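Since the structure comes first, as structure tokens, the remarks are kept for the end.
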Amino acid sequence: MVNKKGAFIRKIFIFPIRIYQNCISPLYPARCRFYPSCSEYAALAIEKHGVVRGIWLGIKRICRCNPWCEGGFDPVPENIEPCKLVLKKTVRFIVSKITVK
């Protein structure tokens, strides 16, 4: 369960997304390739995983939203790997590509 301070901080970060959804987004035709839309995905990710991981998931989703991506149904993941594990895997991958065999 999220404490009151954590819930308040999440609401602060979700507020600009809701302003975008209600004031700016209706002015343009729908173009998102995914369901839920990228802005809704970011808001749900912040609610579910907290501010830091939620913003990171939102950024990753926006980067996937391009003409070369098929799109479709893409819900917020229930569980995500801890940041240290992801960092270790990333470093290991980069090192494996750099080293000469």
Side-chain angles (χ1 to χ4, degrees):
M1 191 72 186
V2 179
N3 61 21
K4 289 183 181 182
K5 183 178 178 184
F8 180 72
I9 292 171
R10 289 175 188 199
K11 286 180 183 180
I12 289 172
F13 281 87
I14 293 171
F15 183 70
I17 295 171
R18 298 295 183 217
I19 288 175
Y20 165 78
Q21 289 176 328
N22 293 315
C23 298
I24 298 170
S25 184
L27 301 175
Y28 299 99
R31 294 186 181 177
C32 194
R33 300 176 163 278
F34 292 102
Y35 178 81
S37 68
C38 293
S39 58
E40 187 62 25
Y41 182 93
L44 291 171
I46 291 170
E47 286 176 5
K48 187 178 279 190
H49 296 292
V51 174
V52 175
R53 287 184 180 170
I55 289 173
W56 174 245
L57 287 169
I59 290 170
K60 284 176 37 178
R61 167 69 175 276
I62 290 169
C63 290
R64 286 194 320 262
C65 194
N66 60 60
W68 299 282
C69 184
E70 195 173 304
F73 181 64
D74 182 29
V76 176
E78 289 297 321
N79 298 316
I80 55 176
E81 294 182 89
C83 295
K84 288 181 182 179
L85 183 59
V86 172
L87 184 60
K88 265 187 185 177
K89 286 181 178 180
T90 304
V91 169
R92 214 178 289 142
F93 174 77
I94 292 170
V95 169
S96 70
K97 295 298 178 186
I98 295 173
T99 56
V100 178
K101 294 183 179 181

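The shown structure was predicted, so the numbers you read here are calculated from the model rather than taken from an experiment.
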Indicate the atoms forming the closest heavy-atom contact of [X] with [Y], along with that distance.
X   : Y   : value
P36 : D74 : CD-O, 3.7 Å
A43 : I14 : O-CD1, 3.7 Å
L57 : Y41 : O-CE2, 3.5 Å
C32 : R61 : SG-NH2, 4.5 Å

Step-by-step side-chain contact (heavy atoms from CB on, under 4.5 Å) determination, R18 to E40: CA-CA 9 Å; R18 298 295 183 217; E40 187 62 25; 2.9 Å; yes
Would you say I55 ends up clustered with I9 if hydrophobic residues are merged whenever their side chains have heavy atoms under 4.5 Å apart, either directly or through other cluster members? yes
Which pairs of donor and acceptor atoms, one on a side chain in residues 65-73, lie under 3.5 Å apart (sequence neighbours left out)?
from	atom 1	to	atom 2	distance (Å)
N66	OD1	W68	N	2.8
N66	OD1	C69	N	3.1
N66	ND2	C63	O	3.2
N66	ND2	R64	O	3.4

Return the SG to CD1 distance between C38 and I59, rounded to the nearest 0.5 Å. 12.0 Å
Can a donor-acceptor pair be found, under 3.5 Å and without considering hydrogens, that links the side chain of H49 to the backbone of W56? no
Non-neighbouring partners of K48 that pass salt bridge (Lys or Arg N to Asp or Glu O under 4.0 Å), sequence neighbours left out: E78
